[in-house]
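Letters go in sequence order (proteins before strands), and every chain restarts at 1. Side chains are part of it too, since the values below use all heavy atoms of this structure and drop only hydrogens, waters and symmetry mates. What you see is a predicted model; the values in this text were computed from it and never measured.
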Amino acid sequence: MIRVRFAPAPTGYLHIGGARTALFNWLFAKQHQGKFILRVEDTDIKRSTQESVQAILDSLNWLGITWDEGPYFQSERIHIYKEYVEKLLQENKAYYCYCTPEELETQRKKALESPDMPAYDGRCKNLSLAQRQKYESADRKPVVRFHILPGITSVNDLIREELTFDNRLLGDFIILKSDGMPTYNFACIIDDALMEITHVIRGEDHISNTPRQILLYQALGFELPIFAHLPLILGMDKTPLSKRHGDVAIKHYIEEGYLPEALVNYLALLGWSTSDSQQIISGTELVTKFSLERVSKNSAIFDLEKLRWLDGEYIKGLEIDTLTGLCGRYLNKLEIGNWKLEIGNFKEIVRLFQERMRTLGDFVERARFFFVDTDSLKYEPEAMTLLTKNGVSEIMEEVKLRLSQLPSFTPEAIEICIRGLAEELRIKAADIIHPLRAILTGSKVSPGIFEVVSLLGQEIVEERISKILERVKG
RNA sequence: GUCCCCAUCGACUAGUGGCCCAGGUCAUCACCCUUUCACGGUGACGGCGGGGGUUCGAAUCCCCCUGGGGACGCCA
């Protein structure tokens, strides 16, 4: 039975990189009918927060990444880690170290100048009882360090083949902090072993931790999992995605009105591909097609434009009723406008924008003129210039009159009316359409004007023409 | 500085010695459709980082260089 886990530290929101890691683990588990376990690595008491835990859970849920076990909290498992620390201590595979952070800092600075990789020099390795007592009475709180034996450690990575490391470069690292909490490397392997994790799928930034962890597995007699290190996700400036790049939180994409299916699809494409470079792959298809062997070795740059394109594709593929529901809920959440529209019309409005929006946020932005009253409608300066031309006011007055007399306010009737008027006046239909669009929408850009006029309704159309013409004159 | 990883169009990638004078997708540009925008359609631009090998033959294998990234925490 395949068992994988996603193990975030609750020190912030779930971001793009973490979500991708979670997704790959989840896909792998689903594909093999295995278990996906969620484990919260909250051993950093100072930085872990309950809000972060909730935020991460919420984002995972939104993405549809569901867990079969957990969430487990490492902070609730301290006694387990201590047990294993004790075991290593007794077997002389670990030792107490009384160096203070300050002392270590000066050691590190010195080591940085030497041509070697900076590593703890092991000065507390063979402390005599007397020395230890001296430190204890000086009230120094010790940490526990893992004793690393010389040798070569190799990692068999599913994505990168074999990686080898010289143990000498690792240094006796800390496994138990002076506050009694385990460090990441220690808690992580204890849990992975005890939770019987078969495949450790995580970011490439963990490669250098892996030899340390393998040594720990071996020291404790645990069976090794299979490792797979995913490439990193970079920003457009080729540096790893971070807060500096702005919108890295999944929450941001929820708020901007992206579809979870689209984000999942995009995330899957970031570092993984099919042999035919298929772009649009639904969740269920991903489960069957995904494979770790096809994960790329090189880091990928997050491209918002492509995400937006994909989201648009998913929106186009939605049933109109589904999309209407999504738009309605999104609009309500933003509390925009006073609704003078029939609910039946709302669906027609959504239909007008289905092919024009890439996110729900786009819809709100572009369809706004439907939902706000004339007085609070923003008019773009470029649109206003269309109204100041000679004769436009008169033409618009005539349009208003004609439209108000229309017995049927369908797009077809409106089109006949407008085109007829243009013919009578011997002008191009466009010369009516463009100013009319500006008046009704405040913009030079909108869906087809006849549909817009129809859906806005006779009353609002007349009102807008009157008010705006008034405004142009004054 | 030391160790480790990586290297195909601007971006994501296909490619595992001949099918590749490199294919797909996003973006960009042009044209068509058209009341604007978008959609849709057609097409264009654009890439194997460099140098050595190996081979009849290299994007694919080996070495060096260069470039990018990661790690070197009582963070995870």
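Taking only distance into account, the side chain of A/Lys428 never meets the base of B/U35 through a donor-acceptor pair shorter than 3.5 Å. For B/G23, the base has a donor-acceptor partner in the side chain of A/Ser277 [N/O atoms by modelled type, under 3.5 angstrom]. Contact annotation: side chain of A/Arg356 to base of B/C37, donor-acceptor pair present below 3.5 Å.
Across all strands shown, B/U55 forms no Watson-Crick or G-U wobble pair with both distances under 3.5 Å. Under the Watson-Crick and G-U wobble criteria, each requiring two contacts below 3.5 Å, nucleotide B/A22 is left unpaired. The partner of B/A30 is B/U42, judged by Watson-Crick or G-U wobble contacts that both fall below 3.5 Å. Partner assigned to B/C3 is B/G70, using Watson-Crick or G-U wobble distances below 3.5 angstrom.
Put simply, NZ on A/Lys109 is 16 Å from C1' on B/G1, counting in whole angstrom units. We find that CD1 of A/Ile301 is positioned 17 Å from P of B/A27, with the value rounded to whole Å. In this structure, A/Ile280 places its CD1 atom 15 Å from C1' of B/U13, rounding to the nearest Å. In this structure, A/Ile281 atom CD1 and B/G24 atom C1' are separated by 12 Å, rounded to whole Å. When rounded to the nearest whole Å, the span between CG of A/Leu387 and C1' of B/U36 equals 14 Å. Going from atom CD of A/Glu305 over to atom C1' of B/A11 covers 11 Å, rounded to whole Å. Regarding A/Asp166, its CG atom lies at a distance of 10 Å from the P atom of B/C3, rounded to whole Å. As rounded to whole Å, 11 Å separates atom P of B/G41 from atom CD of A/Glu355.
Taking atom P on both nucleotides, B/A27 is separated from B/C39 by 8 Å, rounded to a whole Å. Spacing of C1' atoms, B/C48 relative to B/G40, comes out at 33 Å, to the nearest Å. Comparing B/A14 with B/U60, their P atoms are spaced 15 Å from each other, to the whole Å. Rounded to the nearest Å, the gap between the P atom of B/A44 and that of B/G24 is 10 Å. Comparing the C1' positions of B/G18 and B/U2 gives a spacing of 43 Å, expressed to the nearest Å. B/A58 and B/G53 are spaced 12 Å apart, taking the C1' atom of each and rounding to whole Å. Rounded to the nearest Å, the gap between the C1' atom of B/A11 and that of B/G47 is 12 Å. Nucleotides B/A22 and B/G1 are separated by 39 Å at their P atoms, to the nearest Å.
Across all strands shown, A/Ser275 has heavy atoms under 4.0 Å from sugar-phosphate atoms exclusively, and none from any base. Using a 4.0 Å heavy-atom cutoff across all strands shown, A/Lys444 reaches at least one base atom of the nucleic acid. Heavy atoms of A/Ile449 sit under 4.0 angstrom from at least one base atom. Looking at heavy-atom distances under 4.0 Å, A/Thr164 makes contact with sugar-phosphate atoms alone, never a base. A/Arg437 comes within 4.0 angstrom of a nucleotide base, judged by non-hydrogen atoms across all strands. Here A/Arg202 lies out of heavy-atom contact (under 4.0 Å) with every strand. As judged by a 4.0 angstrom heavy-atom cut-off over every strand, A/Gly271 is placed among residues touching the sugar-phosphate backbone only. Using a 4.0 Å heavy-atom criterion, one finds that A/Arg366 contacts no nucleic acid atom at all. Base engagement by A/Phe450 is indicated by at least one non-hydrogen atom pair under 4.0 Å involving a base atom. Within the nucleic acid shown, A/Ala300 comes within 4.0 Å of sugar-phosphate atoms alone, with no base atom in reach, counting heavy atoms only.
The minimum heavy-atom distance between A/Asp172 and A/Arg145, with the atom names listed, is O-NH1, 2.6 Å.
Remark: A/Asp237 engages A/Arg244 in a salt bridge (Lys or Arg N to Asp or Glu O under 4.0 Å) (not counting sequence neighbours).
With a 6.0 Å radius and a threshold of 12 heavy atoms from other residues, nucleotides or ligands, A/Arg168 has its CZ atom at or below the threshold.
Which of B/C4, B/U35, B/A27 sits closest to the side chain of A/Phe165 comes down to B/C4. Here B/U25 is the nucleotide among B/U25, B/C5, B/U36 with the atom lying nearest to any side-chain atom of A/Gln279.
Taking the six-membered ring where the residue is Trp, the centroids of A/Trp272 and A/Phe290 are separated by under 6.0 Å. Here A/Phe24 and A/His199 keep their ring centres 6.0 angstrom or further from each other. For A/Tyr266 and A/Phe302, the distance between ring centers is under 6.0 angstrom.
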Run the numbers on A/Tyr314 and A/Asn265 for side-chain hydrogen bond (donor to acceptor under 3.5 Å, both in side chains), then give the verdict.
CA-CA 10 Å; A/Tyr314 274 84; A/Asn265 191 152; 2.6 Å; yes
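Between A/Glu313 and A/Pro231, the residue anchored nearer the 5' end of RNA chain B, judged by the nucleotide with its closest heavy atom, is A/Pro231.
Looking at A/Thr385, its side chain does come within 3.5 Å of a backbone N or O of A/Glu382 through a donor-acceptor pair. With hydrogens and angles ignored, the 3.5 Å screen pairs a side-chain donor or acceptor of A/Asp42 with a backbone N or O of A/Ser75.
A/Glu285 and A/Gln278 are linked by a side-chain donor-acceptor pair at a separation below 3.5 angstrom, with hydrogens and angles left out of the test.
The side chain of A/Arg294 places no N or O atom within less than 4.0 Å of a non-bridging phosphate oxygen (OP1 or OP2) of B/U13.
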Do nucleotides 65-76 of chain B as a string where each nucleotide becomes B, S or -: B if the base has a protein heavy atom under 4.0 Å, S if just the sugar-phosphate does, - if no protein is that close.
----SSSBSBBB
